[in-house]
Amino acid sequence: MLHSQRYMHPMLLFVAVAVIFTGSSDSVPVAAIYGPVSGVLFVCSAWLTAALVNVEDPVRRVISVVHAGRSRSVLLATVLVALAMSLLVSGVLLFSPLVIGDHSITPGDLMVGVLAQLTGASTGVAIGLIVSRLVIRRTGYALVTALVLMAALSFTQGLPPINRLIRLLAYTPDAPGLLPATAGCAAVAVALLAASTLFTDFIAARRD
């Protein structure tokens with residue numbers, strides 16, 4: 001999966017946009033920076049996951065499933081790789097406000113940032129699975145589905161986890177007060193990822 005380097009495009013896009021948001025203004029609370037960054041991570045994680053799944057040769061996937069004993073093990077490995085790559089890059093960028101600009105970060109800010117990035121990455125991986133070749137084999141249909149799902153989650157007012165998270169971080173500068181609501185968004189995102197994994201495994205197992 002990783003030798004194709006298709007993961008580089010969404011990762012580079014995320015880093016570039018995150019750096020722009022981080023250095024945009026020193027007067028913006030750190031929590032407000034983590035909001036749009038998590039939104040960008042959401043989009044890039046979906047792109048990354050679909051790219052990792054789709055680059056795998058179908059014949060090689062069948063061989064992997066036979067060796068693993070079941071398709072769910074192979075799928076879980078893909079999910080973990082996508083999630084780990086997303087969180088690794090976003091983890092580094094958690095501290096970027098200290099390097100870029102003149103921001104100060106409190107432990108509360110960091111905790112909010114961790115939960116926000118977990119929310120964005122988990123939701124993105126969930127969408128990436130649903131629009132991957134394992135579920136939707138036609139590229140055009142997959143692209144349209146991805147755009148619709150990402151637009152709905154990003155712009156439907158108050159809809160958890162993405163839109164609610166971004167609005168929370170944009171309008172509430174008090175990081176400690178954000179922790180319960182941010183944790184709730186992260187829990188919804190993880191549940192969405194679990195449901196998406198089970199759904200994708202069900203569809204893929206029927207086709208395998």
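Remark: Thr106 engages Asp109 in a side-chain hydrogen bond (donor to acceptor under 3.5 Å, both in side chains) (not counting sequence neighbours).
To the nearest 0.5 angstrom, Ser86 atom OG is 5.5 Å from Leu41 atom CG. Here the CG-OG1 distance, from Leu76 to Thr200, works out to 11.0 Å after rounding to the nearest 0.5 Å. Interatomic distance, CD1 of Ile130 versus CD1 of Ile136, reported as 8.0 Å (0.5 Å rounding). The OG atom of Ser38 lies 11.0 Å from the CG atom of Leu115; values are rounded to the nearest 0.5 Å. Taking OH from Tyr171 and CD1 from Ile166, the interatomic distance works out to 11.0 Å, rounded to the nearest 0.5 Å. Atom OH of Tyr34 is separated from atom CE of Met111 by 11.5 Å, given to the nearest 0.5 angstrom.
Considering every non-hydrogen atom in both Arg137 and Arg133, the closest pair reads CG-O, 3.5 Å. Closest of all the heavy-atom pairs between Arg164 and Gly158 is CB-O, 3.9 Å. The two residues Val125 and Ala82 make their nearest non-hydrogen contact at CG2-CB, 4.1 Å.
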Start with the C-alpha gap between Val135 and Phe199, add the side-chain angles, then the distance that decides, and say whether side-chain contact (heavy atoms from CB on, under 4.5 Å) holds. CA-CA 9 Å; Val135 178; Phe199 174 75; 3.8 Å; yes

Just do the side-chain contact (heavy atoms from CB on, under 4.5 Å) check on Leu129 and Leu134 with the steps written out, would you? CA-CA 8 Å; Leu129 288 176; Leu134 295 176; 5.5 Å; no

Derivation and outcome, side-chain contact (heavy atoms from CB on, under 4.5 Å), residues Ser122 and Leu83: CA-CA 7 Å; Ser122 298; Leu83 198 57; 4.0 Å; yes

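No donor-acceptor pair under 3.5 Å is formed between the side chain of Asn54 and the backbone N or O of Ser132.
Looking at Arg167 and Gln157, their side chains come closer than 4.5 Å, going by heavy atoms from C-beta outward. Looking at heavy atoms from C-beta onward, Val131 lies out of side-chain contact with Tyr141 at the 4.5 angstrom threshold.
The hydrophobic cluster containing Ile203 does not contain Leu198, counting ILVMFWY residues as joined when their side-chain heavy atoms lie under 4.5 angstrom apart, directly or transitively. Under the 4.5 Å side-chain heavy-atom criterion for Ile, Leu, Val, Met, Phe, Trp and Tyr, Leu159 and Leu149 are members of the same hydrophobic cluster.
When each of Leu153, Val43, Leu165 is paired with Thr123, the side chain to side chain contact (heavy atoms under 4.5 Å, CB included) condition holds for Leu153 and for no other.
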N/O donor-acceptor pairs under 3.5 Å from side chains in residues 177-197, not counting sequence neighbours:
from: Thr182; atom 1: OG1; to: Leu178; atom 2: O; distance (Å): 2.7
from: Ser196; atom 1: OG; to: Ala126; atom 2: O; distance (Å): 2.7
from: Thr197; atom 1: OG1; to: Leu193; atom 2: O; distance (Å): 2.8

